[in-house]
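Below: the structure, in structure tokens.
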2 protein chains.
Amino acid sequence: MTQDAFSETPITTASDQVFVDMRREIVEGSIVQGSKISEPELAKRYGVSRATLREALNRLESCYLVERKANVGCRVVALTAERLIEVYQVRSALEGLACRLAADNMAPDEVQSLKQLLNQHLKTQRVKEGESYYQEAGDLDFHYRIIKGSKNDHLIHLLSNGLYQLIRMYRVQMGMVGPRVSKAFDEHLAIINAIENHDGELAELLMKRHISASQANIQTKFNLHAAQNERVEQ
Amino acid sequence: MTQDAFSETPITTASDQVFVDMRREIVEGSIVQGSKISEPELAKRYGVSRATLREALNRLESCYLVERKANVGCRVVALTAERLIEVYQVRSALEGLACRLAADNMAPDEVQSLKQLLNQHLKTQRVKEGESYYQEAGDLDFHYRIIKGSKNDHLIHLLSNGLYQLIRMYRVQMGMVGPRVSKAFDEHLAIINAIENHDGELAELLMKRHISASQANIQTKFNLHAAQNERVEQ
DNA sequence: CTTCCCAAGATTGTCGACAATTTATGGATA
DNA sequence: TATCCATAAATTGTCGACAATCTTGGGAAG
């Protein structure tokens, strides 16, 4: 029984493994967005029966990475501009809430640990400028810790098992290695300070702005991406 | 292929039917909260195979009505005071968002239709004072229409397929037939007026307050309920 | 008497095959 | 040539059986 990096679901069964593997492949684009999923084909590829694969597909559906239609089949979610906006509207509301709750419920040592982590990220970031992995992981880790700091299990599940993989999918496939790095760190710092001061209202506001900025940034990349694809299609 | 009342998923397959049936029984308490679910037993009861039942269980899990543990099994969710608070915190954030979006995106005829419905409810409500079904259905219908008015598909799915059944479960099992009826109507009226004036900020605020009041009301009932159960156990 | 361990029973996870439905193919008709 | 319908192929939905895992009960050791 091993463990996955982001969602803390322990991997015990075969379908757990297939779920985690497929999730990674979808998020990273190895299984391309919008493509149809053939059950027999993928079952053979992962070396499991269709029942096991279908179990995994069900879970992928509940975190919005695939869409099913009865008697028709399964499709990988399509990354559209509209969906990006929708998801970020929801994310803003939920993480805003998480941040407000964290200001009340986060333990002092959790806050300190997060500040420390932030400084550490800042140092390594300056060295490894432009290396996407650290930025991605660092940013996600920051958000993840605050979400957990809300101490609202339902909210935690909704975000980390529900929305975050889809958000990662956009970020990864848009190649988010932007110049927002340093700016994002400042915003992170302001947020954690507000949380430390138990100023929930401010923390919520700052988080919502931070996410809006992130959304704008992704949207720019997205349009760039779309323009490129248009050119290719001609 | 028939249709379900609230979630607009068409019922085509056998597992769809089992899903809808079980959902109703769980929400209404026929399958009691917190109880363990035996796959062989329920499969026999619904006259389907275990594979079909498991498909339904998966979907019940994604709308938070049951919880699964690998190699152990399935439990109906337990209605605790803590969870009630958590769910309502999330609901407040999401429906607040829905309301704000609805102020921008709801079509004029949708608004008119909802105002009309509200008046109609007010009339029939005065006659059938205390009859729970109409209140329940009326309230849910109001919220549902605003959610749909947000035009954010992700949000719509999150609320109507995700949270609402769990909220209904609390309301139904706490026997929500309170004296909040007329007050709720006034609040509904204020909300729809704000939406009509495209005042998203106000609409969001009013909705959040409305939901807070609803939460306080349920919580009272819940404590009453808990006190009764304690007395019984003695 | 309590604790630990092992075996029996029951439950869940996984598999391959069959049934029902959808999609693709090809020929007939206007 | 385009459209429609019927048939064939492929895909999804469902089933019953077997394998793996967890739970329960009883007996032995301390």
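Each chain gets a letter, A, B and so on, in the order its sequence line appears, and its residues count up from 1. Quick note: numbers below take in every heavy atom, side chains included, and nothing from hydrogens, waters or symmetry partners.
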Partner set under side-chain contact (heavy atoms from CB on, under 4.5 Å) for A/Asp21, not counting sequence neighbours: A/Gln17, A/Arg24, A/Tyr46
Donor + acceptor pair across side chains of B/Arg59, B/Ser15 (<3.5 Å): yes
Sugar-phosphate or base contact per nucleotide [nucleotides 7-21 of chain D; S, B, -; heavy atom under 4.0 Å]: ----SBBBB-----S
Between B/Ser113 and B/Arg145: side-chain donor-acceptor atoms closer than 3.5 Å: yes
B/Val66 and its side-chain contact (heavy atoms from CB on, under 4.5 Å) partner, picked from B/Val77, B/Ile26, B/Asn58, B/Ile31: B/Ile26
Test item: A/Leu158 and A/Leu163 side chains (from C-beta on) under 4.5 Å apart, heavy atoms: no
